[in-house]
Amino acid sequence: MTIRVIIVDDQAMVRAGFAALLAAQSDIDVVGEAPDGRAGVDVARSTHPDVVLMDVRMPEMDGLAAARAILHPPVGVVHVPKVLMLTTFDVDDYVYEALRAGASGFLLKDAPPADLIAAVRVVAAGEALLAPSVTRRLIAEFASQRQAPRKDPSLRLNGLTPRETEVLELIARGLSNQEIAAHLVLAEQTVKTHIGKVLSKLALRDRAQAVIFAYESGLVRPGAAGS
């Protein structure tokens, strides 16, 4: 199946470069582009992409506002694509808030071309793009600045079984499904089942939101995650 992608970035050269790179892949089709967030929302609504590559800092409407508009559309808009944030900085509060809003991850603009291609495929497949060292540090830094979790998410942990809580903690520490399976001596499919139940019970979109939830609930403390 071909992955439909749009690119939203205020730099024409960046859009052209990313478009050429992605369009050269047999399984990726670049179906649109936009120079700012407001136009990006319109293009996303008209082209129905699978993945939106969204720059963080743009005029008219920044990437955070655009991501929120795309991921939480008005009544009547059925198609909701995945959003992958693009940033020049590896620690950015806009990116943190975008992940909280439901973005599937973020990628540094200077990442190798192969990483961009892989990122699009990962996000299109429904996975969250979590570069463990960078994303954990970003989430830990901004979670630590918040005086109290919103709506006391720690209470929602009470609905998880001890095993599910353990799996959530390991997700937040950056472990892959395979690593969690090895750590807990479980089959990888069993781990996937536990993760599905965690996301369902906590009403979370994907692993990115699960990591944020684990920090904001106090299950994992900033600075406590492994390297």
Side-chain angles (χ1 to χ4, degrees), residues 1-90 92-131 134-135 138 204-209 212:
M1 184 181 71
T2 301
I3 302 169
R4 295 168 59 83
V5 177
I6 68 169
I7 302 165
V8 185
D9 194 292
D10 61 334
Q11 298 181 46
M13 289 292 288
V14 171
R15 295 198 308 273
F18 284 177
L21 176 66
L22 294 172
Q25 310 306 309
S26 61
D27 60 337
I28 299 175
D29 186 12
V30 179
V31 297
E33 61 178 64
D36 61 67
R38 194 177 307 282
V41 174
D42 292 338
V43 173
R45 299 262 167 85
S46 64
T47 61
H48 295 175
D50 300 302
V51 178
V52 177
L53 293 180
M54 180 74 73
D55 188 21
V56 171
R57 301 177 185 275
M58 292 181 292
E60 295 294 329
M61 177 187 283
D62 64 29
L64 173 58
R68 283 176 173 156
I70 290 172
L71 293 167
H72 303 280
V75 175
V77 176
V78 177
H79 182 78
V80 180
K82 307 293 184 182
V83 175
L84 177 61
M85 304 303 295
L86 300 170
T87 179
T88 308
F89 311 100
D90 64 358
D92 190 312
D93 56 341
Y94 281 89
V95 177
Y96 174 81
E97 290 296 342
L99 291 173
R100 290 190 82 255
S104 294
F106 77 97
L107 189 70
L108 298 181
K109 282 189 175 182
D110 60 358
D115 286 2
L116 173 64
I117 296 167
V120 167
R121 290 171 176 154
V122 165
V123 170
E127 295 293 329
L129 184 72
L130 292 174
V134 176
T135 304
L138 182 152
L204 302 173
R205 183 184 176 98
D206 55 26
R207 293 174 80 104
Q209 289 198 320
I212 290 172

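In this text the structure is predicted, and so the values were computed from the model without any measurement. Start at 1 with the first residue, then count along the sequence.
Using a 4.5 Å heavy-atom cutoff, the side chains of P81 and V51 are not in contact. In this structure the side chain of P74 reaches within 4.5 angstrom of the side chain of R45, judged on heavy atoms. In this structure, S104 and L84 have side chains that are not in contact, with every pair of non-hydrogen atoms separated by 4.5 Å or more.
Heavy atoms only, all atoms of each residue included: V8 and G40 are closest at CG2-CA, 3.8 Å. Between T2 and I28, the closest heavy-atom pair is CG2-C, 4.0 Å. Between A66 and M54, the closest heavy-atom pair is CB-CE, 3.5 Å. Between P49 and A44 the shortest heavy-atom distance is CD-O, 3.3 Å. Heavy-atom minimum distance, M85 versus V56: CE-CG2, 4.0 Å. Shortest non-hydrogen contact noted between A101 and R68 is CB-CG, 3.7 Å.
Under the ring pair (Phe, Tyr, Trp, His ring centres under 6.0 Å) criterion, no residue pair touches residues 20-39, with sequence neighbours excluded. For residues 55-74, there are no ring pair (Phe, Tyr, Trp, His ring centres under 6.0 Å) pairs, not counting sequence neighbours.
Remark: L116 CG to L86 CG distance equals 7.0 Å, nearest 0.5 Å.
With sequence neighbours excluded, the residues that form a salt bridge (charged side-chain N to carboxylate O under 4.0 Å, His left out) with R121 are D27. In terms of the side chain to side chain donor-acceptor pair (under 3.5 Å) criterion, D42 has no residue partners (sequence neighbours excluded). Judged as a ring pair (Phe, Tyr, Trp, His ring centres under 6.0 Å), and not counting sequence neighbours, the contacts of H48 are H79. Scanning for side chain to side chain contact (heavy atoms under 4.5 Å, CB included) contacts around V43 gives I6, A34, T47, with sequence neighbours left out. Under the rule for a side chain to side chain contact (heavy atoms under 4.5 Å, CB included), the partners of P112 that lie at least two apart in sequence or sit in another chain are D115. In this structure, A24 has no side chain to side chain contact (heavy atoms under 4.5 Å, CB included) partners at least two apart in sequence or on a different chain.
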Give the intermediate values and the outcome of side-chain contact (heavy atoms from CB on, under 4.5 Å) for residues D29 and V5. CA-CA 6 Å; D29 186 12; V5 177; over 6 Å; no

Evaluate V41 against M61 for side-chain contact (heavy atoms from CB on, under 4.5 Å), listing each step before the verdict. CA-CA 10 Å; V41 174; M61 177 187 283; 4.1 Å; yes

Does the salt bridge (charged side-chain N to carboxylate O under 4.0 Å, His left out) test come out yes or no for R57 and D10, once each step is laid out? CA-CA 8 Å; R57 301 177 185 275; D10 61 334; over 6 Å; no

Listing, residues 11-22 side-chain donor-acceptor contacts under 3.5 Å, not counting sequence neighbours, or none:
residue: R15; atom: NE; partner: E33; partner atom: OE2; Å: 3.0
residue: R15; atom: NH1; partner: D9; partner atom: O; Å: 2.7

